[in-house]
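These notes concern the structure reproduced below.
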Amino acid sequence: MAKLKSKWVCQNCGYETAKSLGKCPECEKWGTFVEETQEIQPTSKSLPIDDIAPCLIDDIEVDHSIRVSTGIEEFDRVLGGGLVQGSLILLAGDPGIGKSTILLQTSNYVSANGRKILYVSAEESASQIKLRAQRLNVKSDKLFIYSQTNFDSIKMRIDELKPDMLVIDSIQAVYSANISSSPGSVSQIRECTNILMDIAKNKNITVVVIGHVTKEGNIAGPKVLEHMVDTVIYFEGDRYKSYRLLRCMKNRFGTTNEVGVFNMCDDGLHEISNPSEMFLNERTKNVTPGSVVIATNEGTRPLLIEIQALVGTTSYPSPRRVSNGIDYNRLLQILAVLEKRIGLNLSKQDVYVNVIGGLQIDEPAADLGVALAVATCARDVIVSPDTVIVGEIGLSGEIRTVNNIDKRIKEAAKLGFKKIIVPKLNKSDCNEEIEVVQCARLLDAISACVYKEKQPV
């Protein structure tokens with residue numbers, strides 16, 4: 001007979017303890033412990049025997065036809081070529097970012113090619129999904145919608161329909177009757193994901209799971225959730241912008257260096273084949289001081305993005321430092337280098353830096369662009385509008401090398417730029433018709449920029 005055991009589980013990291021604690025010793029969060037009841041089954045004396053014999057790795061044959069295209073080229077790029085049969089994929093993102101939209105569009109294409117899809121919605125009714133499907137022009141005779149939260153009922157429908165692809169929207173809303181805790185708890189998420197993994201591997205069904213995120217931007221639930229799945233994909237974007245980025249954080253069947261760029265429209269997500277042109281389409285030739293174009297990398301794809309800086313005299317005892325799109329501590333480091341190595345006094349001036357388009361730039365190759373944007377605005381001069389900046393700045397004022405320099409140069413030349421400033425130690429074999437200026441120090445890069453008199457707006 002099964003025994004009942006009470007335990008306290010941290011809802012942030014999944015740490016378990018026999019008694020309630022105010023602060024979690026694992027993730028150091030306060031007030032995250034919830035009491036859960038667990039049934040302990042008596043152990044069996046006989047263990048199941050594994051009848052699968054080990055085999056040599058050279059004797060294993062790989063089926064290259066196991067990938068299925070999603071019908072969305074940018075989505076296929078992130079997945080490494082398409083959906084892998086028998087894989088478990090986790091798609092996470094902020095509310096309203098487009099998770100359900102992209103999976104409904106993908107289900108429409110996959111089902112149109114003769115594959116059976118079971119779309120399980122635990123948060124919306126079937127009529128609500130139908131309204132979205134009409135807006136997205138989704139029509140298919142092999143796409144089944146099932147509005148259910150009970151996982152036992154979901155498993156029964158899977159056995160009946162035998163779908164080729166299963167979508168769970170979302171994992172935090174479904175629950176198993178074998179676990180006494182509420183839906184969304186650590187135990188429920190772990191148990192349901194474990195069952196889904198077993199379904200994907202044993203029945204060769206592609207399972208895509210939608211996950212919620214916390215206010216810090218992390219996937220809600222235990223960290224073991226990301227370890228259990230085969231692929232983890234984040235959907236990013238600004239709620240006030242229509243641009244969306246699909247970023248792969250883990251992929252057992254491909255690279256994690258790819259991103260997909262989309263534009264959210266009334267009829268769904270549209271792919272953006274040339275994101276650099278989109279981010280620069282509002283930039284005019286009569287640029288103002290503090291505006292530069294940098295060549296950054298999103299995965300292996302080069303992007304040309306405009307960075308703007310505003311420097312003004314402060315009316316407060318302590319000047320303000322505001323950054324949108326770049327790390328705040330990175331901005332403070334760049335300002336310190338400008339003051340110490342260049343002699344630019346910013347101690348009594350406010351500094352605002354903004355990345356156009358609502359993107360978040362994390363790579364250090366944007367350092368030189370940020371520094372030149374601040375310097376040109378402080379001196380009220382401009383960089384030539386046909387110049388692209390790329391380089392990482394060290395604390396001693398040196399410009400350090402960056403990766404994928406040839407791709408950045410080709411992207412700048414393709415969009416009609418005439419000059420690109422790169423680190424001196426970066427070797428390039430690119431033969432594009434663009435002037436490549438190599439600089440070793442920050443002062444050299446400032447001198448190499450073509451400064452002009454401020455033009456009228």
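One-based numbering along the sequence shown.
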Student check: side-chain heavy atoms of [X] and [Y] closer than 4.5 Å:
X	Y	value
L104	L136	yes
F235	L269	yes
V68	R115	yes
S153	Y146	yes
L335	V374	yes
C248	L79	no
I356	Q308	yes
V208	I168	no

Is the closest basic N to carboxylate O distance between [X] and [Y] below 4.0 Å?
X	Y	result
D266	R135	no
K99	E236	no
K162	E160	no
K155	D198	no
D230	R252	yes

If only atom types and distance count, is the side chain of [X] paired as donor or acceptor with the main-chain N or O of [Y] below 3.5 Å?
X	Y	answer
T193	R190	no
Q148	N150	yes
S121	I145	no
K116	L161	yes
N137	A133	no
K410	K407	no
D169	V209	no
K142	I117	no
Q134	L131	no
T376	G290	yes

Does the side chain of [X] pick up a donor-acceptor pair with the side chain of [Y] at under 3.5 Å?
X	Y	result
S185	S187	no
Q85	T206	no
T70	D76	yes
D406	S428	yes
N403	R408	yes
Q188	S176	no
E123	H212	yes
T296	E363	yes

Subject >> Derivation and outcome, salt bridge (charged side-chain N to carboxylate O under 4.0 Å, His left out), residues E298 and R247 >> reply: CA-CA 9 Å; E298 286 293 344; R247 192 187 304 273; 2.8 Å; yes
**OP:** List the steps and the verdict of side chain to side chain contact (heavy atoms under 4.5 Å, CB included) for V229 and I89.
**Re:** CA-CA 6 Å; V229 301; I89 302 170; over 6 Å; no
Atom [atom1] of [X] and atom [atom2] of [Y]: how far apart are they, to the nearest 0.5 Å?
X	Y	atom1	atom2	value
F417	L304	CZ	CG	5.5 Å
I294	I421	CD1	CD1	13.0 Å
N263	H270	CG	NE2	8.0 Å
L332	S323	CG	OG	8.0 Å

Tell me whether the count of non-hydrogen atoms from other residues, nucleotides or ligands lying under 6.0 Å of [atom1] in [X] goes above 12.
X	atom1	answer
M249	CE	no
Q360	CD	yes
R400	CZ	no
E271	CD	yes
K203	NZ	yes
K139	NZ	no
K130	NZ	no
N202	CG	yes

Which pair of heavy atoms, one from [X] and one from [Y], lies closest together, and at what distance?
X	Y	answer
Y175	P183	CB-CG, 3.7 Å
A371	L442	CB-CD1, 4.2 Å
V390	L368	O-CD2, 3.7 Å
V381	P289	O-CB, 3.2 Å
C10	C27	SG-SG, 3.7 Å
Y15	C24	CB-SG, 3.8 Å

Subject >> Audit row: I233, F75, side chain to side chain contact (heavy atoms under 4.5 Å, CB included) steps and yes/no >> reply: CA-CA 10 Å; I233 300 176; F75 200 5; 3.9 Å; yes
Subject >> Identified side chain to side chain contact (heavy atoms under 4.5 Å, CB included) counterpart of I199 within the set I205, N204, D159 >> reply: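 In the set I205, N204, D159, the residue that makes a side chain to side chain contact (heavy atoms under 4.5 Å, CB included) with I199 is I205.
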Original post:
Hey, mind stepping through V293 and T387 against side chain to side chain contact (heavy atoms under 4.5 Å, CB included) and telling me if it holds?
Top reply: CA-CA 7 Å; V293 176; T387 301; over 6 Å; no
Original post:
Where do K419 and V388 land on the side chain to side chain contact (heavy atoms under 4.5 Å, CB included) test, with the steps shown first?
Top reply: CA-CA 6 Å; K419 179 190 290 188; V388 177; over 6 Å; no
**OP:** For S276 and E411, run side-chain hydrogen bond (donor to acceptor under 3.5 Å, both in side chains): C-alpha distance rounded to whole Å, both residues' side-chain angles, the deciding distance at 0.1 Å, then the answer.
**Re:** CA-CA 8 Å; S276 298; E411 185 72 11; 2.9 Å; yes
Original post:
Under 6.0 Å between ring centres, would you say that holds for F279 and Y243?
Top reply: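 Under 6.0 Å, so yes.
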**OP:** Test salt bridge (charged side-chain N to carboxylate O under 4.0 Å, His left out) on E392 and R330 and set out the steps.
**Re:** CA-CA 11 Å; E392 177 185 355; R330 195 78 185 178; 3.7 Å; yes
